[in-house]
J.: 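I am attaching a structure below and will ask some questions about it afterwards.
A, B, ... follow the sequence lines: proteins, then strands. Residue 1 opens every chain.
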Amino acid sequence: MSKKILLIDGNSLAFRAFYAMYQQLDRMVTPEGLHTNALVAFNNFIESIVLPMQPDMALVAWDARSGKETFRGDLYPEYKSGRDKTPAEFKEQFPYLHEMVEAHGLHNYEQVGLEADDIIGTLSRVGQAAGDQVIIITGDADLTQLVTDDITVKLTKKGVTQVEVYTPDFIMEQYGITPAQIIDKKALTGDTSDNYPGVTKIGEKTALKLLKQYHDLENLYAHVDEMKPSKMKEHLIEDKDIAFRAQKLATIITDAKLPIGLTDIEYHGPKEKGLVSLFEKLHFKQALNKLRANSLFDDNGEAAEEAETKQGNFTEVKELTADVLKQLVKEKSLAFHIDTTGPNYHTADMFAFALGNDKVGYYGSRDFTLFDNEDLRQIIESEDIALQLFNAKEHWVLCHRLGLNLAGADFDFLLVAYLLDTVGNDNVLSTLAGRFGRYLANDEEIYGKGAKFAIPEDDKVLIDHIGHKAQTIFDLRDQAFADLDEHEQGHLYNDIELPLSFVLAKMEAQGFTVKEDRLAKMGQEMDEQIANLKTEIYQMAGEEFNINSTKQLGTLLFDKMGLPVIKKTKTGYSTAVEVLEKLAPQAPIVEHILAYRQLAKLKSTYVDGLLAVVDPADHKVHTRFLQTLTQTGRLSSVDPNLQNIPMRTEAGRKIRHAFVPAHEGWEIFGADYSQIELRVLASITGDPAMEHAFVEDEDIHAETARKVFGLPDDAPVDAEQRRTAKAVNFGIVYGISDYGLSKNLNIPRKDAKNFIETYFKEFPRIHQWMGQIKEQAHKDGYVETIEHRRRYLPDINAKNFNTRSFAERTAMNSPIQGSAADIIKIAMIKVSRAIEEKGMQANMLVQVHDELVFECPKEELEELRETVTKVMDSAVKLAIPLKVESHAGPTWYEAK
DNA sequence: CTTCTCACG
DNA sequence: ACGTACGTGAGAAGG
């Protein structure tokens, strides 16, 4: 019977693998310092291309490691010379490539005196002779000369997981020649990568033309005298020897003497133990998890053993009943978890929950009427039963919907994992558990995703899964808390993030009232203006097109109207605001397009977008503040995003008229920190000049202007100077670069550089701190805020200048932005407590990074203003005073 | 599902 | 020489 024989060109694929993931080189390093980019890509290649083929025989051929003494070297000493030296980061991965091949159940082979091509060439002919089907995978187009009806070559196209299939028909279609003629094509053109020449001035196009006419090299030279006189003819005659030598060099050996045969390369599938040990060595966490997930269902001996130990992580999950709850209510500590049908826990359906601990075991249920059970209510509401959770904020809201007040939260795995390491935090229990070496099935595997989402009918599947979640949370508690201690983050977790999560939960549940009719009316007015603008734009353009399409707009402005291209994007012309503003003086249509853009944005995002998420039951929007997303410690807000409601332009700011208090006779009150990031910077660095400016409550941008423009202390500063200084201050906070500043201010880079140098001279401690924080990042691999919030910077020692520079700017910016985030978080907790203690009715509604928004009865306004200002002012003790400004009014529009 | 643009701090 | 300002989320296009 015909067998499937797979022959892989190891060197060319490994080489491709290395460069396919070259961008990742610096970030893919094991703790031992081994680069793994080629290994990762090669593993992907085997898993996605090789395994699905299920070959009967499989071999990976390598060029012999010792020297290149092949016949080709004898024939032409320059063969393959002049190549760049193999990078050390690639070389060190070679031994593991061989081990990986073995572990996947493939065979390695190399032989002195032969190249990988020759081994593949020879074995492919052996296979063909035996009547088998041969598949060759390579990144080297040379091998296509081996193609026949029984031998297919798959050539990697992009990276290593996309291939193009070469058959005789395909080659004929592509080049108009047969596979055998590929050798003669190379005889004529030579090969720059293998460093041997062909006939002078003959490239691919000419070679193909000649081969179509004369079929092969021998015949061509037999008739070369009959050719019309031409430069090409002269070159052909001149370089005849070179051509025949190139022909020999290009010819892959198909009859080498090999001590191995087909029976030596039989494929019997991957060797699980080998893979596990290799992946552990290489710290391939994803690959390991995948392996473990699959082995649970695998029934071959070796894998089953593996599965047992993995399943041993979990105890049996039982059905939760009222009797069980009688037992559970006596426990001091319980893991608790609810699953919902979607990420928006304000609206998603709850379909299963679990409770348990290591002593009494784990219990799951789909029956939410159990939440009427007194024992369960006590478990959730009692301060005395410590709850172990994944996302405490979500569970507070879910319990709130069930009419319960969640209390006694002890461990929030999501929050702790985020504090330990913000990088690669996908907010999914199973992946975070993986970070702690604990396997758990993905929700996606159990429930599916998107349209395929379905709650399993089988209790065994559903109840087991949710029970295992509870167990995972419970089991990881001690380890996670120990890590937290090691990071000195106990205070950050216990006194800031965990209490904050309940402050946020209440804000979310409270919601912000939106006057839908006001919004709708604004929408109508906008629609009219949009329609008018559209007509004018079409008229000016002389045609109708989709103004929202950057592609169509680009065609109009740059191709049809011939306006100068200011900036390009990856895919075409940029039509961003800064580009259009530069074009506006040259073409009146541009102003209209800008106006259209602004209105279209406001209408779709803020009018239609907001109306779509207003809860019809209470006319409020209930955002979710994501507490474990940003890399700096800030919050983010989704569904809707209440942190980017327009403010900077009057037209946009009007949207805020629609945000109103929940009750008649109430007001909206906003309080914001003035210049908090610069104050934090002044405080951390202890810079005397900056400190002085803040202590004296000077205009900081004007003060900076005097410094960078060398003006006397009390000299007046004009608007332009202040604007420039403001941009410099922003730049400082972002981790300044002359390039960035020059772009922002639209000034020559040299001038920007001057500003920065002067700035650093005038604020020497800031300069000093910038150097120090970078150094610390290089040494430790992370930076910290005033509350020990940590941000890891895996790219800080990258070889690539850009990658490294980005990490360095981040090192400067994160402690500043993050410390400001720490401060307002502390303030939020204290404000919330103060409101409660004073028995005030006010509600905190939104946080916008340096600003808090409240609603309160009019009579309470002054007390609230006093309380909030005082608490925010004194939230933390800094060397620099914090300053709070506040505004109030009937809507959010006035409260800023 | 990615890219571009634009809203906020 | 390199070619970047820091942190977010949402909507519309277009493949």
J.: What's the spacing between Asp738(A) CG and Asn754(A) CG if we round to 0.5 Å?
T.: 10.0 Å
J.: Which pairs pass salt bridge (charged side-chain N to carboxylate O under 4.0 Å, His left out) with one or both residues in residues 569-580 of chain A, sequence neighbours excluded?
T.: Lys567(A)-Glu578(A)
J.: Any base atoms under 4.0 Å from Ile645(A), or only sugar-phosphate, or nothing? Heavy atoms, all strands.
T.: sugar-phosphate
J.: Can you check whether Tyr759(A) and Phe755(A) have ring centres sitting under 6.0 Å from each other?
T.: no
J.: Within residues 623-641 of chain A, find the residues that approach DNA chain C with a heavy atom at under 4.0 Å, and present them sorted by residue number.
T.: Leu626(A), Leu629(A), Thr630(A), Gln631(A), Thr632(A), Arg634(A), Ser636(A), Ser637(A), Val638(A), Asp639(A), Asn641(A)
J.: Could you tell me whether Lys799(A) and Glu89(A) have a side-chain N and a carboxylate O separated by less than 4.0 Å?
T.: yes
J.: May I ask you to say what Arg597(A) touches in the nucleic acid, namely base, sugar-phosphate or nothing, with a heavy-atom cut-off under 4.0 Å?
T.: sugar-phosphate
J.: What does the 5'-to-3' dot-bracket notation of DNA chain C look like when only Watson-Crick and G-U wobble pairs under 3.5 Å count, and pairs to other strands show as |?
T.: .....|||||||||.
J.: Identify the residue among Arg634(A), Glu497(A), Lys393(A), Glu394(A) that makes a side-chain hydrogen bond (donor to acceptor under 3.5 Å, both in side chains) with Gln627(A).
T.: Glu497(A)
J.: Using 30° and 60° as the class boundaries, would you call the ring planes of Phe659(A) and Trp892(A) parallel, tilted or perpendicular?
T.: perpendicular
J.: Quantified in whole Å, what is the P atom distance between nucleotide dC4(B) and nucleotide dT4(C)?
T.: 13 Å
J.: Please check if the number of heavy atoms outside Lys620(A) that lie under 6.0 Å from its NZ is greater than 12.
T.: yes
J.: Considering every strand and a 4.0 Å limit on heavy-atom distances, what is the contact class for Ala612(A): base, sugar-phosphate, or nothing?
T.: nothing
J.: Crowded around Gln586(A) CD? As in, over 12 foreign heavy atoms under 6.0 Å?
T.: yes
J.: Please list, in numerical order, the residues of residues 563-579 of chain A that have a heavy atom closer than 4.0 Å to any atom of DNA chain B.
T.: Thr569(A), Lys570(A), Thr571(A), Ser574(A), Thr575(A), Ala576(A), Val577(A)
J.: Show, in sequence, the C-alpha distance, side-chain angles and deciding distance for Arg804(A) and Asn797(A), and conclude whether the side-chain contact (heavy atoms from CB on, under 4.5 Å) test is met.
T.: CA-CA 6 Å; Arg804(A) 189 179 62 250; Asn797(A) 292 313; 5.9 Å; no
J.: Given Glu677(A), which of Ile732(A), Asp850(A), Ile816(A) fulfils the side-chain contact (heavy atoms from CB on, under 4.5 Å) condition?
T.: Ile816(A)
J.: Between dC8(B) and dG3(C), how many Å separate the two C1' atoms, rounded to a whole number?
T.: 27 Å
J.: Taking any heavy-atom pair under 4.0 Å as a contact, classify Glu851(A): base, sugar-phosphate, or nothing.
T.: nothing
J.: Answer with yes or no whether the side chains of Thr575(A) and Thr550(A) bring together a donor and an acceptor at under 3.5 Å.
T.: no
J.: When you compare the side chains of Asn442(A) and Tyr447(A), does any donor N or O come within less than 3.5 Å of an acceptor on the partner?
T.: no
J.: Indicate, with a heavy-atom threshold strictly under 4.0 Å, whether Phe806(A) touches base, sugar-phosphate, or nothing.
T.: sugar-phosphate
J.: What contact category does Asp850(A) fall into here, base, sugar-phosphate, or nothing, at under 4.0 angstrom with non-hydrogen atoms?
T.: sugar-phosphate
J.: Do Arg791(A) and Thr422(A) pair up side chain to side chain, a donor and an acceptor below 3.5 Å, judged on atom types alone?
T.: no
J.: At 4.0 Å (heavy atoms only), tell me whether Gly731(A) reaches a base, stays on the sugar-phosphate, or touches nothing.
T.: base
J.: What range of DNA chain C does chain A touch, first nucleotide to last, counting atoms under 4.0 Å from its heavy atoms?
T.: dC2(C) to dG15(C)
J.: Determine the contact category for Ser805(A): base if any of its heavy atoms lies under 4.0 Å from a base atom, sugar-phosphate if only primed atoms, P, OP1 or OP2 are that close, otherwise nothing.
T.: nothing
J.: At the 4.0 Å heavy-atom cut-off to chain A, mark where contacts on DNA chain B begin and end, going 5' to 3'.
T.: dT3(B) to dG9(B)
J.: Determine whether the side chains of Gln598(A) and Thr649(A) contain a donor N or O and an acceptor N or O closer than 3.5 Å.
T.: yes
J.: What's the separation between atom NZ in Lys896(A) and atom NE2 in His887(A), rounded to the nearest 0.5 Å?
T.: 7.0 Å
J.: Taking atom CZ as the centre, does Phe730(A) end up with more than 12 heavy-atom neighbours from other residues, nucleotides or ligands that are less than 6.0 angstrom away?
T.: no
